[in-house]
There are 2 protein chains.
Amino acid sequence: MQKAKRLPVIEKILTETFISSQDELLRKLKAKGISCTQATLSRDLRQLGVSRVPDGSGGYRYSLVEKNTSPAERETKLHIISVISEIVEAKGLLLVKTIPGNANATAFYIDNAGRNEIAGTVAGDDTILVIPRDGISRKQLHTCLEIILPGLHERLKKS
Amino acid sequence: MQKAKRLPVIEKILTETFISSQDELLRKLKAKGISCTQATLSRDLRQLGVSRVPDGSGGYRYSLVEKNTSPAERETKLHIISVISEIVEAKGLLLVKTIPGNANATAFYIDNAGRNEIAGTVAGDDTILVIPRDGISRKQLHTCLEIILPGLHERLKKS
DNA sequence: TTGCCTTTTGCATATTTATGCATTATTTTT
DNA sequence: AAAAATAATGCATAAATATGCAAAAGGCAA
């Protein structure tokens, strides 16, 4: 149950440093006061969509897909987060409210996060309906949301 | 030394099918009449820059970076190949001749292939000088070339 | 709260992948 | 052509990663 705490930290470490094994990541985490086992890490990395890619000089490194996106795209993420006013859960769906006129861009962003927890989205002018795939629990949906748009958790209201 | 034969086949298999382990790839290769061990495959995949990425539903798949490039980019590759008229080796360097006016685009393409065998390129109007990094043998350079622009091997002239 | 259900986690281990070393093939040099 | 250097490959095994299972930790409803 420190998973919610752990995932963002892992993401941060991966964007900032060159990690070439899970054990190495394990040590970095421990240095930041978070401790778990390699088994847990393996599961976390899979959930985060982290891939292991040849580093071009005989080794490997773990890479967040996000790291492959352009600076402009990373900018977008911050923008999107700033434009969301509220998130509400209803009937197993997620209602994301944005400031007027921003729903489409936000929905597009969510769609393109490539998360298989999400079946699709429907956007109006300032509201997006996020439809989870069958079999996805609320918990899983929350974690997914936290991965796509970190920090939003706090703005989430229960219905 | 069927490596030159093997690499393109591996690339093809990876773009066409969903491979989730080296053993699986090994079997597909065998089915195509190419046989080697998993050890060799491991080395091949590293050389090709193939990464293993979470498939979004609990498993993994091997993915050629190329597969992540847009259709437009793949189009470019074919275009580039069609525009190259001749390749000559000289003093450990590669002289790539294109039809007039196409050297820059081609050089750009080669640079962006992200191959660490290549230190850099210099392009004129219809000629590109490809400079290999120190310690890269001719053989390695050839294999590298074959990876970036398959099929060019045949157009390569010894100096 | 109590009991029930879901999620997270670790442990031990299976599975998968990488690699040191020796051998053979290939290329380059003399 | 012979010798020397480099590259490719397999074997055996090390190293790294994934996972079944059981235990612990929440979460939720009555």
Side-chain angles (χ1 to χ4, degrees), chain A residues 1-7 9-10 19-27 29-30 34-55 57-63 89 92 117 132 135-144 146-147 153 156 158-159, chain B residues 1-7 9-10 19-27 29-30 34-55 57-63 89 91-92 117 132 134-144 146-147 153 156 158-159:
Chain A
M1 27 82 248
Q2 20 181 9
K3 192 176 178 185
K5 214 175 310 174
R6 215 173 42 236
L7 295 188
V9 178
I10 292 175
I19 299 292
S20 60
S21 78
Q22 297 184 7
D23 269 334
E24 187 183 347
L25 180 51
L26 208 55
R27 288 192 292 275
L29 274 176
K30 205 151 285 174
I34 295 185
S35 103
C36 64
T37 62
Q38 174 271 324
T40 296
L41 220 43
S42 170
R43 293 183 269 241
D44 285 353
L45 291 177
R46 165 150 69 199
Q47 179 165 19
L48 286 170
V50 171
S51 59
R52 198 190 40 176
V53 333
D55 68 3
S57 53
Y60 287 89
R61 69 173 225 274
Y62 280 89
S63 158
E89 284 185 283
E117 289 95 332
I136 300 298
S137 72
R138 274 183 56 208
K139 222 16 174 339
Q140 290 176 307
L141 188 58
H142 290 178
T143 307
C144 167
E146 189 64 20
I147 290 171
H153 218 87
L156 187 130
K158 294 176 186 173
S159 63
Chain B
M1 24 88 252
Q2 20 180 8
K3 193 175 179 186
K5 213 176 311 173
R6 216 171 42 235
L7 296 189
V9 178
I10 292 174
I19 300 291
S20 59
S21 78
Q22 296 185 6
D23 269 333
E24 188 183 345
L25 180 52
L26 207 55
R27 288 192 294 274
L29 274 176
K30 204 151 286 173
I34 296 184
S35 104
C36 66
T37 62
Q38 174 271 325
T40 297
L41 221 43
S42 170
R43 293 183 269 241
D44 286 352
L45 290 177
R46 164 149 69 201
Q47 178 167 15
L48 286 170
V50 171
S51 59
R52 199 189 40 179
V53 332
D55 68 2
S57 52
Y60 287 89
R61 69 172 224 275
Y62 281 90
S63 157
E89 285 188 282
K91 297 176 184 282
E117 291 94 332
D134 277 355
I136 299 298
S137 73
R138 272 183 57 208
K139 221 14 172 340
Q140 290 176 306
L141 189 56
H142 291 178
T143 306
C144 167
E146 189 64 18
I147 291 172
H153 218 85
L156 188 132
K158 294 176 187 173
S159 64

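Source: prediction; values computed, not measured. Every chain is numbered from 1 and lettered A, B, ... according to where its sequence line falls, protein lines coming before strand lines.
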> Which sits closer to the 5' end of DNA chain D, B:Y60 or B:D44, going by the nucleotide each is nearest to?
Replying inline: B:D44

> Whole-Å distance between C:dC11 P and A:L26 CG?
Replying inline: 11 Å

> Nearest-Å distance, CG (A:L48) to P (D:dA18)?
Replying inline: 13 Å

> Base, sugar-phosphate, or nothing for A:S42, non-hydrogen atoms under 4.0 angstrom?
Replying inline: base

> Base, sugar-phosphate alone, or nothing: which one does B:Q2 contact when heavy atoms must sit under 4.0 Å apart?
Replying inline: sugar-phosphate

> Rounded to the nearest Å, what distance is computed from the CG atom of residue A:L7 to the C1' atom of nucleotide C:dT8?
Replying inline: 11 Å

>> Determine whether B:S42 and B:T37 satisfy the following criterion, side chain to side chain contact (heavy atoms under 4.5 Å, CB included), listing intermediate values before the conclusion.
In response: CA-CA 9 Å; B:S42 170; B:T37 62; over 6 Å; no

>> Could you go through A:L45 and A:Y62, starting from their C-alpha distance and side-chain angles, then the distance that decides it, and tell me whether this counts as side chain to side chain contact (heavy atoms under 4.5 Å, CB included)?
In response: CA-CA 9 Å; A:L45 291 177; A:Y62 280 89; 3.9 Å; yes

> With a 4.5 Å heavy-atom cut-off, do A:E117 and A:P132 have their side chains touching?
Replying inline: no

> Does a side-chain heavy-atom distance below 4.5 Å link B:R6 with B:I10?
Replying inline: yes

> Can you check the A:D23 CG to D:dT17 P distance for me, whole Å?
Replying inline: 7 Å

> Reckon B:Q22 has a side-chain N or O less than 4.0 Å from the OP1 or OP2 of C:dT15?
Replying inline: no

> Looking at C:dT9, D:dA8, C:dG10, which one has an atom nearest to any side-chain atom of A:T37?
Replying inline: C:dG10

> Atom CG of B:L25 to atom P of C:dA18: distance rounded to whole Å?
Replying inline: 12 Å

>> As an exercise, state the distance from SG of B:C36 to CD of B:Q2, rounded to the nearest 0.5 Å.
In response: 7.5 Å

>> If you only use heavy atoms from C-beta on, which nucleotide in D:dG10, D:dT17, C:dT7 is closest to the side chain of B:T40?
In response: D:dG10

>> Less than 4.0 angstrom between a side-chain N/O of B:R138 and OP1 or OP2 of D:dA7, yes or no?
In response: no

> Within the pair A:R46 and D:dT19, is there a side-chain N or O less than 4.0 Å away from OP1 or OP2?
Replying inline: yes

> What does A:R43 touch in the nucleic acid at a heavy-atom separation under 4.0 angstrom: a base, only the sugar-phosphate, or nothing?
Replying inline: base

> Over how many whole Å does the gap from B:E117 atom CD to D:dA7 atom P extend?
Replying inline: 12 Å

> Any idea which of D:dG10, C:dT8, D:dA18 is nearest the A:T143 side chain?
Replying inline: C:dT8

>> In whole Å, I'd like the distance from the CZ atom of B:R6 to the P atom of C:dA25.
In response: 15 Å

>> With side chain to side chain donor-acceptor pair (under 3.5 Å) as the criterion, how do B:Q38 and B:Q22 come out once you've worked through the C-alpha distance, each side chain's angles and the decisive distance to 0.1 Å?
In response: CA-CA 7 Å; B:Q38 174 271 325; B:Q22 296 185 6; 3.0 Å; yes

>> Here's a test of your reading of the structure: between A:Q140 and A:C36, which maps to the more 5' nucleotide of DNA chain C?
In response: A:Q140

>> With hydrogens left out and only the distance checked, is there a donor-acceptor pair under 3.5 Å joining B:Q38's side chain and the base of C:dA18?
In response: yes

> Hey, is the side chain of B:Y62 poking within less than 4.0 Å of OP1 or OP2 on C:dT17, counting only N and O atoms?
Replying inline: yes

>> Nearest whole Å is fine: how far is C:dT16 C1' from B:R27 CZ?
In response: 12 Å

>> With a 4.0 Å limit, can you tell me whether B:R52 has a side-chain N or O closer than that to the phosphate oxygens OP1/OP2 of D:dA18?
In response: yes

